[in-house]
Protein chains: 2
Amino acid sequence: MISVLLAEDQAMVRGALASLLALEGDLEVVAEVARGDEVLTAARAAEPDVVVLDIEMPGRSGLEAAEDLRRELPGTRVLIVTTFGRPGYLRRAIDAGACGFLLKDAPASELAAAIRRAHAGEQVVDPGLAVAALRDGVSPLTAREHEVLVSARESGTIADLAARLHLSPGTTRNHLSSIIGKLGVANRAEAVRMAEERGWL
Amino acid sequence: MISVLLAEDQAMVRGALASLLALEGDLEVVAEVARGDEVLTAARAAEPDVVVLDIEMPGRSGLEAAEDLRRELPGTRVLIVTTFGRPGYLRRAIDAGACGFLLKDAPASELAAAIRRAHAGEQVVDPGLAVAALRDGVSPLTAREHEVLVSARESGTIADLAARLHLSPGTTRNHLSSIIGKLGVANRAEAVRMAEERGWL
DNA sequence: CCTATGTCATGACGAATGTCACGGGCAGGT
DNA sequence: ACCTGCCCGTGACATTCGTCATGACATAGG
């Protein structure tokens with residue numbers, strides 16, 4: 001019997017996945033959470049064999065939760081299941097110690113199969129996504145540039161951005177210019193879009 | 001016995017929802033599709049009582065598919081189930097003749113309940129979302145402005161945008177200026193963000 | 001018929017943006 | 001000690017962007 005912790009923010013999807021797994025004789029959903037920051041405590045309490053993590057969740061992303069688990073509960077296997085086939089997500093998932101990376105585009109039957117393989121210690125990764133991750137490489141941005149771009153996503157003018165980052169406007173523009181150059185785009189708007197779709201945000 | 005057509009692009013979610021509905025004794029999933037442009041033909045073939053539509057789908061959005069169904073198969077009940085609680089989505093869903101509007105944030109048990117109520121001829125709408133739709137009102141943009149904003153979402157500079165729309169750069173800027181004014185924002189980037197989160201895209 | 005509204009266009013103005021050159025400070029590695 | 005890379009800042013420059021005034025044309029309504 002393989003015990004499973006399910007972390008997924010959308011209640012309807014979570015419930016549906018649970019009922020899907022309930023059909024399998026050898027799987028048992030022992031806990032469900034809706035937020036990334038509830039994963040660790042729930043995992044401590046339920047001691048599941050495998051944790052299935054969505055990425056986009058309130059509180060804490062699935063990738064961060066995966067790091068928590070590796071640090072605090074190294075025995076548990078982690079399986080990332082997400083909507084978005086962002087190459088950067090896959091890379092970060094592997095860096096965070098995940099055993100597998102599955103897309104919600106995959107047929108429903110694959111979830112149970114992936115859980116079994118993860119439990120057996122195998123790595124489960126979508127092959128097409130793996131080559132995309134290799135092609136796009138790692139983010140070329142420095143840590144600071146990353147911060148700047150993240151803030152730039154949700155703040156209009158440069159003055160706002162500079163104020164939020166406690167920077168001079170000139171420095172802010174220099175960072176943005178560097179980002180734009182590295183990404184080979186024309187605007188900071190396009191830089192944000194590219195970084196988002198690559199999973200570099 | 002209520003027959004259901006399930007339209008949802010993510011295979012895993014679709015399969016999970018199907019297995020969820022299979023647990024209910026009075027519901028039967030008679031067809032599943034992954035694309036919006038397959039809904040109509042599948043509905044003609046399967047003649048379901050209720051059609052459950054996701055909004056974001058390739059080929060044709062769930063909202064467009066709902067209009068098709070009302071026009072071609074007026075007897076079928078339509079239930080929209082979506083990730084995003086955009087007020088504009090709700091409004092457009094109602095305009096398209098949908099009987100219900102459900103969020104994937106809602107508990108899984110509500111799906112079956114909503115299907116039954118839709119089949120019984122009732123309207124199923126999230127109350128909080130309804131007031132939000134009333135508060136935000138309809139999109140203030142003209143048809144042309146709407147097009148401009150849609151294109152602006154995925155094209156960097158104004159010159160690109162003008163070329164794509166076969167417009168003069170000056171005209172393009174005027175349209176954008178008008179949009180920005182109506183939406184009360186500062187950038188076209190912010191205009192895009194606001195229109196997206198309101199469901200006006 | 002007149003008016004309001006939307007579309008398209010031009011030109012001009014100020015503000016915001018992206019680029020570049022330059023310099024100082026601070027870490028890590030050779 | 002030296003070099004390299006990153007961070008922070010300044011100032012100047014050209015381009016882009018948002019705004020405004022203005023005008024032409026078409027359509028729909030009173």
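Numbered from 1 within each chain, the chains take letters A, B, ... in sequence-line order. Just so you know, these numbers come straight off a predicted model, no measurement behind them.
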Is [X] salt-bridged to [Y], cutoff N-O under 4.0 Å?
X: Arg86(B); Y: Glu197(B); value: no
X: Arg14(A); Y: Asp54(A); value: no
X: Lys182(B); Y: Glu145(B); value: yes
X: Glu8(A); Y: Lys104(A); value: yes

Atom pair distance, as rounded to whole Å: CG in Leu161(A) and P in dG18(C)
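Whole-Å distance recorded here is 10 Å.
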Could you check whether any side-chain heavy atom of Leu111(A) comes within less than 4.5 Å of a side-chain heavy atom of Leu21(A), counting everything from C-beta outward?
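Contact flag for Leu111(A)/Leu21(A) side chains = yes.
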Does the side chain of Val52(B) reach to within under 4.5 Å of the side chain of Val78(B), using non-hydrogen atoms?
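Val52(B) does not reach Val78(B) side chain to side chain.
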Are any protein N/O atoms closer than 3.5 Å to N/O atoms in nucleotides 27-30 of chain D? If there are, list each pair with its distance.
none

If we ignore hydrogens and angles and just use 3.5 Å, is the side chain of Glu64(B) paired with the main-chain N or O of Ser61(B) as donor and acceptor?
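Yes: the side chain of Glu64(B) pairs with the backbone of Ser61(B).
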Quick one: does NZ or CZ of Arg92(A) land under 6.0 Å from the six-membered ring centre of Tyr89(A), within 45 degrees of the ring axis?
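No, Arg92(A) does not sit over the ring of Tyr89(A).
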Along nucleotides 5-23 of chain D, 5' to 3', which nucleotides get a B, which get an S, and which get a -, given that the test is a protein heavy-atom distance under 4.0 Å?
-SSSBB-B----BBBB---
